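The structure appears right after this line, and notes come after that.
Model, not experiment: these values are computed from the prediction. Just follow the structure's listing: the first ligand is 1, and inside any ligand the first atom is 1.
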Amino acid sequence: MQKFSDLGLAPAIAKALEKAGYDTPTPVQGEAVPAAIAGRDLLVSAQTGSGKTAAFLLPVLHTLLRQQGERTQKEAQEWDKLVADAQAKGEPLPKRPRRKDPTNPRNFKAAVPGALVLCPTRELAQQVAHDAIDLVRHIKGLRIAHVVGGMPYQMQIARLQNANLVVATPGRLLDLERSGQIKLDQVQFLVVDEADRMLDLGFADDLAEIHRLTEQRHQTLMFS
Ligand code: AMP
């Protein structure tokens, strides 16, 4: 039988799976995860209950985590160099910048997520975000946000800031994009969950717009 460790997932993700009580991949995970990690676009047809949510979340979180690790390493090297340069010149050592309070409107910065998951309904978006949060619970540095109607404005901004993966319904996402709260030009992974239902619910134009706004992306994963 296939094991999660056979799928090429980062050790932190494999550990998170263990903690979440998943021991073996479901068939859709066994097929989709390695293909997505290898960078392929996917069109997957799978039933609810087949483990399809983790089938797209795992490879996306895996790659975001790998990139995060590379970024952190680079930043640490740059910081060490700044300190070494200051020491060599006999100058005062640099101070690390303080994290700014994201709920203060003066500190507003648009969210620039690396991954976007689109869901046809608010309930599904909440469920997917919940699964993603569960998977990254013990992983440092990956932030998940979900965008649904009805959330207070300040809370929404605070939650979106620094989000690596955003789960959203198309209409709400485009509202936020148009009002400048989120920028989609850093999105590398676009996941469309329940793509068929999305079209049934009349989201074709919104999807076309999101496709255009994320044209620089590396991968598209469509699930239905
Ligand atoms: P989904 O098809 O994504 O709606 O998943 C159905 C349920 O199966 C969810 O509650 C998941 O938490 C659970 N699940 C997904 N993958 C696995 C797995 N490999 N082992 C055990 N449970 C899983």
Applying side-chain contact (heavy atoms from CB on, under 4.5 Å) between P59 and each of I13, I37, L7, report the one that passes.
I37
A54, any N or O under 3.5 Å of ligand 1 N or O:
no
Atom 13 (C) of ligand 1: which of F56, F223, Y22 has the nearest heavy atom?
Y22
For atom 15 (C) of ligand 1, tell me which residue out of K52, Q29, H130 has the closest non-hydrogen atom.
Q29
4.5 Å side-chain heavy-atom contact, V147 and T169:
no
Heavy-atom protein neighbour under 4.0 angstrom from atom 23 (C) of ligand 1:
yes
To check your reading of the model: name the closest protein heavy atom to atom 6 (C) of ligand 1, its residue, and the distance in Å.
G49 CA, 3.6 Å
Can you confirm whether R40 is buried at CZ, in the sense that more than 12 heavy atoms of other residues, nucleotides or ligands lie under 6.0 Å from that atom?
no
Between K109 and K183, is a side-chain contact (heavy atoms from CB on, under 4.5 Å) present by the stated rule, with each step listed?
CA-CA 10 Å; K109 258 191 349 223; K183 286 191 185 161; over 6 Å; no
Closer than 4.0 Å to some heavy atom of T53 - which atoms of ligand 1 meet that?
1 (P), 3 (O), 4 (O)
If the cut-off is 4.0 Å to any non-hydrogen atom of S50, which atoms of ligand 1 fall inside it?
2 (O)
Protein heavy atoms near atom 17 (C) of ligand 1, is at least one of them under 4.0 angstrom away?
yes
Taking atom CD of E31 as the centre, does the number of heavy atoms from other residues, nucleotides or ligands within less than 6.0 Å exceed 12?
no
Is any NZ, NE, NH1 or NH2 atom of the basic residue among K81 and D85 found under 4.0 Å from an Asp or Glu carboxylate oxygen of the other?
yes
Protein heavy atoms: any of them under 4.0 Å from atom 10 (O) of ligand 1?
no
Could you go through R66 and E70, starting from their C-alpha distance and side-chain angles, then the distance that decides it, and tell me whether this counts as salt bridge (Lys or Arg N to Asp or Glu O under 4.0 Å)?
CA-CA 6 Å; R66 186 175 51 74; E70 287 164 4; 3.2 Å; yes
Below 4.0 Å from any atom of ligand 1, is there a heavy atom belonging to T24?
yes
Answer yes if a protein heavy atom lies under 4.0 Å from atom 4 (O) of ligand 1, otherwise answer no.
yes
Taking I210 as the starting point, is it possible to reach L199 by hopping between hydrophobic residues whose side chains are less than 4.5 Å apart?
yes
Where ligand 1 meets F4 - atom numbers and elements under 4.0 angstrom, heavy-atom basis:
19 (N)
Modelled atom types, side-chain donor and acceptor of R217 and H211, under 3.5 Å
yes
Closest to atom 2 (O) of ligand 1 (heavy atoms only, candidates G30, A20, G51) is G51
Just distances here: any N/O of D23 and N/O of ligand 1 closer than 3.5 Å?
no
